Number of protein chains: 2
Amino acid sequence: MKDLTAQQSKVLNCIEESINKTGFPPTRAEICQKLGFKSPNAAESHLRALEKKDIISIAGGSSRGISIKNKKSSSGGSVPVIGLVAAGSATLASENIEREINVDPSLFSRNVDYFLKVKGLSMIEDGIYEDDLVAVHKTNDFKNGDLAVVRTEDDVTLKYIFKENHKLLLKPANKDFDPIHIDLRNESAEVEGIGVGLIRKN
Amino acid sequence: MKDLTAQQSKVLNCIEESINKTGFPPTRAEICQKLGFKSPNAAESHLRALEKKDIISIAGGSSRGISIKNKKSSSGGSVPVIGLVAAGSATLASENIEREINVDPSLFSRNVDYFLKVKGLSMIEDGIYEDDLVAVHKTNDFKNGDLAVVRTEDDVTLKYIFKENHKLLLKPANKDFDPIHIDLRNESAEVEGIGVGLIRKN
DNA sequence: TTTTATACTGTATAAATATATAGTATTTTT
DNA sequence: AAAAATACTATATATTTATACAGTATAAAA
């Protein structure tokens with residue numbers, strides 16, 4: 001599958017969010033409003049690009065006629081649980097999958113691609129504990145303050161993310177932990193996804 | 001739940017079919033075409049009736065703004081979500097059920113009978129926040145220190161429970177809240193169930 | 001018995017919406 | 001270096017769509 005641009009991902013996310021939240025796809029104007037575009041044609045052309053890449057289909061002549069293709073498992077989706085091995089990669093590689101659980105896709109605001117089993121105490125002040133399962137929506141798009149799964153050069157970590165120009169701030173929710181500053185000119189870092197929910201087992 | 005008439009069922013079917021087939025809800029005109037009505041108001045009034053019966057919701061002022069409520073998906077154990085009304089009863093009475101969600105029964109250590117939507121901040125120090133859904137296993141059996149849903153004489157509350165002879169201690173996880181002491185010789189209290197897990201939506 | 005709900009036709013229209021066209025600018029691909 | 005794709009603003013408009021209003025008729029509930 002062809003890769004999506006950052007903007008195209010945002011538009012796709014916007015569509016997903018609308019369907020999950022309201023039950024129906026957005027209009028061009030609604031996409032513009034959510035993403036800050038000032039011309040309906042901004043949304044239109046992104047939609048056409050997504051259609052060309054076979055990500056969505058657009059029903060001509062009908063309002064809100066957007067549907068997402070290859071929509072995997074509308075109900076009873078089986079979602080893998082991935083353990084964060086120290087300094088390991090949180091990919092969907094089968095050796096990292098601890099188990100699979102069935103979740104109602106409508107449970108969380110966005111589609112859940114996997115659950116990340118939390119290691120460490122860096123987020124305890126915001127109620128995210130060791131062995132909690134954080135529901136992760138795979139995307140490289142985020143807003144400042146989002147709970148993000150970030151792959152740095154030598155680690156995969158769950159933190160609040162803030163970006164300003166070439167500087168990335170990964171902020172823990174634990175005063176005993178220091179924020180991580182990353183200068184994207186020197187180091188690489190990639191957002192794997194954002195946390196959209198949490199499951200805890202007592 | 002009120003019963004639907006034959007025509008209302010047809011309209012509801014038509015909506016479901018449209019969502020499954022196209023990915024978005026139908027317009028009034030499309031409903032008319034499919035069911036053979038000649039006036040858009042035929043569809044409109046059926047939709048209003050379905051809305052009144054709380055089967056669907058209609059987003060005013062937007063096209064195709066129809067969504068089906070309590071959309072319980074096909075498979076898996078469906079578990080109700082109960083909102084804790086202030087001083088209300090957390091029974092499984094249908095009027096308290098906010099929605100139903102499907103969960104993998106193997107997710108939590110014990111069978112989940114319902115989810116309790118948390119109100120208040122009495123447990124925040126242990127990572128249980130407002131609007132979190134606590135998975136509750138219905139039982140009146142508990143161990144000291146269990147997270148319990150307790151019905152007191154004038155409230156239903158979620159606290160850690162400790163029992164010693166005729167004294168019951170309900171302990172919050174928030175230093176701003178005082179523990180509740182109940183003398184079972186004077187007051188009644190009943191354990192509705194114990195918390196076996198938690199789901200949080202961001 | 002009167003009201004309310006159901007079940008429509010028919011007409012009309014303001015508002016919502018898709019969509020085309022004309023530009024500008026930057027980046028990526030060929 | 002040229003072409004194509006990306007990423008928009010800005011304007012316009014035909015069409016889609018929700019939705020109100022005016023009726024008619026029947027069945028069910030109060």
Side-chain angles (χ1 to χ4, degrees), chain A residues 1-15 17-19 21-68 139-141 143 165-166 184-185, chain B residues 1-15 17-19 21-68:
Chain A
M1 189 214 287
K2 271 181 190 167
D3 285 333
L4 300 186
T5 66
Q7 292 302 82
Q8 285 163 7
S9 292
K10 276 188 193 173
V11 172
L12 182 60
N13 268 336
C14 182
I15 298 167
E17 234 176 288
S18 173
I19 293 172
K21 202 178 153 197
T22 68
F24 40 86
T27 64
R28 274 61 165 172
E30 283 165 6
I31 294 172
C32 289
Q33 204 189 336
K34 275 209 174 166
L35 300 184
F37 303 151
K38 286 176 185 169
S39 166
N41 191 43
E44 179 71 29
S45 44
H46 282 133
L47 290 175
R48 295 292 166 196
L50 286 168
E51 191 188 33
K52 208 170 187 179
K53 290 181 177 177
D54 217 41
I55 308 295
I56 63 169
S57 68
I58 302 173
S62 56
S63 64
R64 301 176 187 274
I66 306 166
S67 60
I68 298 171
T139 177
N140 47 34
D141 178 43
K143 295 190 297 291
N165 302 320
H166 50 267
L184 293 171
R185 290 170 301 186
Chain B
M1 190 217 285
K2 270 181 190 168
D3 286 331
L4 300 185
T5 66
Q7 293 303 75
Q8 285 163 7
S9 292
K10 276 187 194 173
V11 172
L12 183 60
N13 266 337
C14 182
I15 297 166
E17 234 175 285
S18 172
I19 293 172
K21 202 178 153 192
T22 67
F24 40 87
T27 64
R28 274 59 165 174
E30 283 165 5
I31 294 172
C32 288
Q33 205 189 334
K34 275 209 175 168
L35 299 183
F37 304 151
K38 287 175 185 170
S39 165
N41 191 44
E44 179 72 29
S45 44
H46 281 134
L47 290 174
R48 296 292 166 195
L50 285 168
E51 191 188 32
K52 208 169 186 178
K53 290 181 177 177
D54 216 40
I55 309 295
I56 63 170
S57 68
I58 302 173
S62 56
S63 64
R64 301 178 186 276
I66 306 166
S67 59
I68 299 172

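Chain letters run A, B, ... following the sequence lines, proteins first, then strands; residues in each count from 1. Treat the numbers as computed from the prediction; the structure is a model and nothing was measured.
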According to a strict under-4.0 Å criterion, is B:Gln7 in side-chain N/O contact with OP1 or OP2 of C:dT6?
no

B:Lys53 has an atom NZ; how far is it from atom P of C:dT4, in whole Å?
17 Å

Could you pull out the protein-nucleic contacts involving nucleotides 24-30 of chain C (nitrogen or oxygen on both sides, under 3.5 Å)?
none

Residue pairs involving residues 30-57 of chain B (criterion ring pair (Phe, Tyr, Trp, His ring centres under 6.0 Å); sequence neighbours excluded):
B:Phe37-B:His46

List in chain and number order the residues that pass side-chain contact (heavy atoms from CB on, under 4.5 Å) with B:Ser18, two or more places apart in sequence or in another chain; answer none if no residue qualifies.
B:Thr22, B:Pro26

To the nearest 0.5 Å, what is the distance between CG on A:Asn140 and CG on A:Asn13?
9.0 Å

Quick one: A:Glu30 CD to C:dA18 C1', roughly how many Å, whole number?
13 Å

dist B:Ile66:CD1 -> B:Ile31:CD1 (nearest 0.5 Å) comes out at 4.5 Å

About how many Å separate CD of B:Gln33 and SG of B:Cys14, when rounded to the nearest 0.5 Å?
10.0 Å

Can you give me the closest heavy-atom contact between A:Ile56 and A:Leu47, atom names plus distance?
CD1-O, 3.6 Å

What is the minimum heavy-atom distance between A:Pro40 and A:Cys32, and which atoms define it?
CA-SG, 3.7 Å

Can you list everything that forms a side-chain hydrogen bond (donor to acceptor under 3.5 Å, both in side chains) with B:Ser9? Sequence neighbours excluded, please.
none

Qualifying side chain to side chain donor-acceptor pair (under 3.5 Å) pairs with a residue from residues 34-44 of chain B, counting only residues at least two apart or across chains
B:Arg28-B:Glu44, B:Glu44-B:Arg48

Do A:Leu12 and A:Ile68 touch side chain to side chain, with heavy atoms closer than 4.5 Å?
yes

Expected output is a numbered-order residue list: members of residues 44-51 of chain A with a heavy atom under 4.0 Å from any atom of DNA chain C. What is it?
A:Glu44, A:Arg48

Among all residues two or more places apart in sequence or in another chain, which pass the side-chain contact (heavy atoms from CB on, under 4.5 Å) test with A:Ser67?
A:Ser57

Respond yes when some side-chain nitrogen or oxygen of A:Arg28 is under 4.0 Å from OP1 or OP2 of C:dA18, and no when none is.
yes

Heavy-atom contact window of chain A on DNA chain D, given 5' to 3' at under 4.0 Å:
D:dT6 to D:dT17

Under 6.0 Å from the CD atom of A:Glu51, do we count more than 12 heavy atoms belonging to anything else shown?
yes

Partners passing side-chain contact (heavy atoms from CB on, under 4.5 Å) against A:Thr5 (at least two apart in sequence or in another chain):
A:Gln7, A:Gln8, A:Lys53

When the rotation axes relating C1' atoms of four end pairs to the next four are compared across the helix from C:dT1-D:dA30 to C:dT30-D:dA1, five pairs an end, they differ to 10° by 40°

Is there any salt bridge (Lys or Arg N to Asp or Glu O under 4.0 Å) pair reaching into residues 58-68 of chain B, and which pairs are they, with sequence neighbours excluded?
B:Glu30-B:Arg64

How far does CD1 of B:Ile15 sit from NZ of B:Lys10, to the nearest 0.5 angstrom?
14.5 Å

May I ask you to list the residues of residues 31-42 of chain A, by number, that have any heavy atom positioned under 4.0 Å from an atom of DNA chain D?
A:Phe37, A:Lys38, A:Ser39, A:Pro40, A:Asn41, A:Ala42

